[in-house]
2 protein chains.
Amino acid sequence: MAVESQKQSTVSSTVEDYLKVVLKIEDMKQRASTSRVARHLDVADATVTDMLRKLKKAGLLEYKPYYGAALTRKGRQMAVRILRRHRLLEMFLHQVLGYGWEQVHQEAERLEHAVSDLFISRIDALLDFPAQDPHGEIIPDARGFRQVEDDLCLAEAEPGSYSVRKVTNSDPEFLAYLDKVGLRPATRLSLQEKSPFQGPLKLLPESGREAVYLGLEASRSIFVLPLKDRPPASAPLPKGRASRGTVGRSGRGAGEE
Amino acid sequence: MAVESQKQSTVSSTVEDYLKVVLKIEDMKQRASTSRVARHLDVADATVTDMLRKLKKAGLLEYKPYYGAALTRKGRQMAVRILRRHRLLEMFLHQVLGYGWEQVHQEAERLEHAVSDLFISRIDALLDFPAQDPHGEIIPDARGFRQVEDDLCLAEAEPGSYSVRKVTNSDPEFLAYLDKVGLRPATRLSLQEKSPFQGPLKLLPESGREAVYLGLEASRSIFVLPLKDRPPASAPLPKGRASRGTVGRSGRGAGEE
DNA sequence: GGGTATTATTAGACTAATCTAAAAATAAAG
DNA sequence: CTTTATTTTTAGATTAGTCTAATAATACCC
């Protein structure tokens with residue numbers, strides 16, 4: 001059949017932000033309820049109700065009153081496109097302009113709506129088609145494919161050896177702190193103990209001056225990969241990364257034929 | 001006296017565009033009338049009337065009904081800041097991302113409103129503090145100083161030898177044409193004759209395959225510097241540029257004390 | 001200097017995105 | 001299964017930026 005390259009209707013940057021948030025919530029396996037979306041965007045609930053109705057009419061998401069929203073293929077496609085832009089921009093700011101990983105998010109947040117596709121493809125090439133951003137987040141490819149991320153939340157991990165896969169928190173203060181104690185993507189660490197009753201985690205980062213006591217809440221934004229348990233000093237650095245996720249479409253059936 | 005570093009109140013990108021246009025018109029020694037501003041921005045005259053009143057109230061320009069607008073120091077400061085951003089961005093797109101000089105304008109037009117001051121200072125350093133953009137336009141420095149441009153419009157020039165200083169037209173088609181016939185900033189050329197009755201100019205660019213016949217209207221956007229008349233083949237390339245403009249404040253009395 | 005042409009302004013309206021406060025639906029708890 | 005608490009939606013308003021059509025001011029020309 002004819003492959004209609006459906007031109008991507010242009011949407012406002014506000015709409016892009018809504019789609020991005022719904023995608024983020026869906027990725028966390030949560031229901032994209034009015035209030036949850038509102039919290040992420042820091043707007044009033046009523047505003048979200050209106051917008052969701054509008055986005056439904058535009059065919060970008062399903063919306064059931066009093067229930068919530070779910071992206072359509074078209075909406076997801078757009079959301080993933082923004083996600084790709086955001087992460088590529090972060091990588092560019094970090095690698096080319098020397099931004100710290102705690103600085104990249106805010107700038108990318110504005111640029112993702114302003115740069116052209118040409119800009120994106122140029123920085124993609126300049127960076128040699130990076131697979132991850134400075135926080136360890138996977139960068140969707142140009143067609144919208146996203147590698148499945150097979151990582152584990154530190155908050156759920158058992159004591160043992162791990163390497164940091166990604167940090168899903170963009171608060172500059174928090175990231176600066178992690179940096180200070182030596183917790184960055186690719187850092188190896190040993191989780192030594194988890195205190196009971198929502199207590200902190202005792203960690204030993206490889207860059208390892210001393211043990212770090214990290215609050216449980218903070219540990220929820222750190223994702224790790226288990227390391228084959230070998231003597232940490234002689235363990236070979238897993239070049240690509242020991243176990244990779246399989247490659248799959250972004251979302252059920254999204255993307256073009 | 002105490003140096004109040006007056007924090008630059010933030011304005012919308014729309015306002016930035018208005019200020020930029022008024023600056024551009026003033027730079028052309030014209031009156032910033034409602035209709036002229038409207039034409040530059042491609043909006044209705046009525047829209048401009050409203051906006052000028054608003055900008056006057058914000059202290060960014062003077063506005064006399066039925067006459068026009070003139071930037072205040074504060075307004076000019078903001079406008080020059082955007083101009084600097086625009087031109088630095090163009091240079092960056094050209095030098096780092098490999099954009100053609102006919103492609104840079106459109107992208108910079110969006111980015112100038114979106115990038116942070118950090119971004120600007122980083123690309124400024126990366127480019128080694130360039131003095132001009134890809135069209136030969138002077139880039140104001142970080143304090144808002146602008147070199148006086150002592151160039152001559154080709155439309156007003158007498159036959160003789162010149163080098164191209166700048167091209168003040170951002171139409172991609174037009175720039176692509178100039179490029180094709182070998183007319184770019186720094187290109188040396190000889191203006192051979194000017195046909196009477198608004199006729200075309202006969203030019204011989206140094207990169208010089210053959211003579212170029214350029215319409216008078218087109219010649220208005222090309223600015224040149226006269227060359228000391230020596231045999232063109234042996235003339236030494238003026239390194240910095242033979243005669244430089246003096247350095248002065250951007251606009252009468254603008255800038256901080 | 002009065003009539004015509006041009007240029008500006010006013011008036012009224014629209015859209016996108018937002019808000020607050022009130023009303024309605026759903027969920028939770030006895 | 002009724003009452004209460006929570007969540008969501010509706011209603012009504014606001015702001016920024018824009019438009020068109022009508023009116024008013026200025027400029028130009030014999």
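This is a predicted model, so every value here is computed, not measured. Just so we're on the same page: letters track the sequence lines, and every chain starts at 1.
The closest side-chain heavy-atom distance from A:V167 to A:W101 is below 4.5 Å. Annotation: side chain of A:I139 is not in contact with side chain of A:L83 (no heavy-atom distance under 4.5 Å).
Between A:M51 atom CE and C:dT15 atom C1' the separation is 12 Å, expressed in whole Å. Atom pair B:Y66:OH and C:dT10:C1' shows a separation of 8 Å (rounding to whole Å applied). Rounded to a whole Å, the NZ atom of A:K64 is 18 Å from the C1' atom of D:dT7. Atom CG of B:L41 and atom P of D:dT18 are 8 Å apart (whole Å). Put simply, CZ on B:R31 is 6 Å from P on C:dA8, counting in whole angstrom units. The distance from atom CG of B:L52 to atom C1' of C:dA8 is 11 Å, rounded to the nearest whole Å. In this structure, the CG atom of B:D50 is 9 Å from the C1' atom of C:dT9, given to the nearest Å. For the pair A:R36 CZ and D:dT6 P, the interatomic distance rounds to 17 Å; values are reported in whole Å.
Using a 4.0 Å cut-off between a side-chain N of Lys or Arg and a carboxylate O of Asp or Glu, A:D150 and A:R165 do not qualify as a salt bridge.
Of the candidate nucleotides C:dT9, D:dT10, D:dT8, C:dT9 has the atom lying nearest to any side-chain atom of B:P65. With C:dT18, C:dA8, D:dT9 as the candidates, the nucleotide lying closest to the side chain of B:Y63 is C:dA8. When each of C:dT9, C:dC19, D:dT18 is scored by its nearest atom to the side-chain atoms of A:V43, the top-ranked nucleotide is C:dC19. In the set D:dC19, C:dT9, D:dT9, D:dC19 carries the atom at the smallest distance from any side-chain atom of B:A44. Distances were taken from every side-chain heavy atom of A:D45 (C-beta onward) to each of D:dT9, C:dT18, C:dA8; the shortest belongs to D:dT9.
Within the structure, every side-chain polar atom (N or O) of B:S35 is placed at least 4.0 Å from both OP1 and OP2 of C:dT6. Of the side-chain N and O atoms in B:T49, none sit less than 4.0 angstrom from OP1 or OP2 of C:dT10. One finds a side-chain N or O of B:S33 lying less than 4.0 angstrom from the OP1 or OP2 phosphate oxygen of C:dA8. Between A:Y18 and C:dT18, a side-chain N or O to OP1/OP2 separation shorter than 4.0 Å is present. In this model, the phosphate group of D:dT10 is approached by a side-chain N or O of A:R53 to a distance below 4.0 Å at OP1 or OP2. Not one side-chain nitrogen or oxygen of A:S12 sits closer than 4.0 Å to the OP1 or OP2 atom of C:dA16.
Among the protein residues, B:T47 comes within range of the nucleic acid bases, having at least one heavy atom under 4.0 Å from a base atom. Contacts of A:T34 with the nucleic acid, taken as non-hydrogen atoms under 4.0 Å apart, involve only primed sugar atoms and P, OP1 or OP2.
The side-chain hydrogen bond (donor to acceptor under 3.5 Å, both in side chains) contacts involving residues 10-20 of chain B comprise B:E16-B:H113, B:D17-B:H113, B:K20-B:E109, B:K20-B:E112, where partners must be two or more places apart or lie in separate chains.
A salt bridge (charged side-chain N to carboxylate O under 4.0 Å, His left out) with A:E137 holds for exactly one of A:R146, A:R84, A:R87; it is A:R87.
Residues A:H105 and A:H86 bring a donor and an acceptor atom of their side chains to less than 3.5 Å of each other.
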